Amino acid sequence: MKIATWNVNSVRTRLEQVVGWLQDNPIDVLCLQETKVVDESFPRSAFTDLNYQVYAFGQKSYNGVALISRSPLSDVNVGFGAVLPESVVGDLDEQKRVITGVLDGVRVVNLYVPNGSSVGSDKYLYKLHWLKVLREYLEVLLQQSQNLLVCGDFNVALEDLDIHDPKGREKQVMATDAERAALRHVLDLGLSDVFRKFNQEGGQFSWWDYRTGAFRRNAGWRIDHHYATPDLYERSIACTIDTAPRKLTQPSDHTPVIVELSLS
DNA sequence: ATGGCGAGAGGATCTCGA
């Protein structure tokens, strides 16, 4: 089973590239983030024409996640509110950042973690709170299934190895100790970074700023991740970053990360 | 320290991303 995560920065603007990539890479589930479109306007037919199923959870202008799956998914649900009480979720589901479904006994959780804007800002505090609630959310999912693949745009670089230039990173959003601690607390539930099982090198990134020619300089960050529960982690046989879409004209600033699981 | 670039909404120039 192959699953990919890709922050496309508007699925409508990127539609031709996403469909083209899917034709070249016929994977089982494609997890999209930053679709930036309400569900009624999601370009479904572009995917259903390729015999993929579409499950979308979007909003106007911002955020938005979707699952594009070759086979129908079971038990699809959206938002933290699907499993957590309103007293915990509050208004967090107003931003569409969570969608999940099950394929062949694997629960795929597709996340778009808040960016956090700048350290100490309201959005930064929102991000830290969101990660706290994420832990509670995954804790409930783990009671239902021992096979979780949690992927998406985490907007956190866990190690200095995941940043092209970690100098001054403690003042930099996506790399502060508080963000790393919040994500590690989530992972302490028993989730492991599949990419690092196969690759311990630096210089391996999934996002490059549009500005200052960052991609040409490989001045990137590895912030798009696949995390797996122990059995799935054991069964993972590859995890790769495909930089090809980032080289196209008018690209997303992120590129796909693909995981392969051997479930036989 | 600041801005660089790009998308969406709306119809000039904002907000937001990371």
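Small disclaimer: the values here were computed from a predicted structure and weren't measured.
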#### Entry: Pairs where residues 79-91 of chain A contributes a residue and the test salt bridge (charged side-chain N to carboxylate O under 4.0 Å, His left out) is met, not counting sequence neighbours
none
### Message
Enumerate the salt bridge (charged side-chain N to carboxylate O under 4.0 Å, His left out) contacts for residues 99-119 of chain A, please, sequence neighbours excluded, ordered by first and then second residue.
### Response
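Those involving residues 99-119 of chain A are A:Asp75-A:Arg107.
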### Message
Let me spell it out: for each of A:Asn155 and A:Arg211, pick the nucleotide of DNA chain B with the closest heavy atom. Which residue's pick is nearer the 5' end?
### Response
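So the residue in question is A:Arg211.
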#### Entry: Most 5' of A:Thr35 and A:His254 on DNA chain B, judged by nearest nucleotide
A:Thr35
Sequence-distant partners of [X], salt bridge (charged side-chain N to carboxylate O under 4.0 Å, His left out), two or more places apart:
{"X": "A:Arg217", "value": "none"}
{"X": "A:Asp193", "value": "A:Arg222"}
{"X": "A:Asp93", "value": "none"}

### Query
For DNA chain B, which residues in residues 243-252 of chain A have a heavy atom at a distance below 4.0 Å?
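Contacts with DNA chain B under 4.0 Å: A:Gln250.
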### Query
Going by number, which of residues 15-25 of chain A have a non-hydrogen atom under 4.0 Å from DNA chain B?
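None, since no heavy atom is under 4.0 Å.
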Taking the [atom1] atom in each of [N] and [M], what is the distance between them to the nearest angstrom?
{"N": "B:dG8", "M": "B:dT2", "atom1": "C1'", "answer": "25 Å"}
{"N": "B:dC14", "M": "B:dA1", "atom1": "P", "answer": "24 Å"}
{"N": "B:dC16", "M": "B:dG10", "atom1": "P", "answer": "15 Å"}
{"N": "B:dG4", "M": "B:dT15", "atom1": "P", "answer": "15 Å"}
{"N": "B:dA18", "M": "B:dG6", "atom1": "C1'", "answer": "12 Å"}

### Query
For residues 31-40 of chain A, which residue pairs qualify under side-chain hydrogen bond (donor to acceptor under 3.5 Å, both in side chains), counting only residues two or more places apart or in two chains?
A:Thr5-A:Gln33, A:Asn7-A:Glu34, A:Asn9-A:Lys36, A:Gln33-A:Asn110, A:Glu34-A:Tyr112
### Query
Just how far is it from atom CG of A:Leu67 to atom OG1 of A:Thr100, taken to the nearest 0.5 Å?
7.0 Å
### Query
What is the 5' to 3' range of DNA chain B, first to last nucleotide, that sits under 4.0 Å from any heavy atom of chain A?
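The footprint of chain A covers B:dG4 to B:dA18.
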### Message
I'd like to check the side-chain hydrogen bond (donor to acceptor under 3.5 Å, both in side chains) partners of A:Asp242; sequence neighbours left out, ordered by chain and number.
### Response
A:Trp21
### Message
Can you tell me how the ring of A:Trp207 sits relative to the ring of A:His254, calling it parallel under 30°, perpendicular over 60° and tilted otherwise?
### Response
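Answer is tilted, since the angle falls between 30° and 60°.
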Tell me what [X] touches on the nucleic acid: a base, only sugar-phosphate, or nothing, going by heavy atoms under 4.0 Å.
{"X": "A:Phe215", "value": "nothing"}
{"X": "A:Asp224", "value": "nothing"}
{"X": "A:Ser10", "value": "sugar-phosphate"}

### Query
Can you list the other members of the hydrophobic cluster that holds A:Val257, where links are side-chain heavy atoms under 4.5 angstrom apart?
A:Phe195, A:Ile241
### Query
Does any pair with a residue in residues 34-64 of chain A pass ring pair (Phe, Tyr, Trp, His ring centres under 6.0 Å), and if so which ones, sequence neighbours excluded?
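Listed once each, the pairs would be none.
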### Message
Need the glycosidic conformation of B:dG4: syn if within 90° of 0, anti if not. Which one?
### Response
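B:dG4: syn glycosidic orientation.
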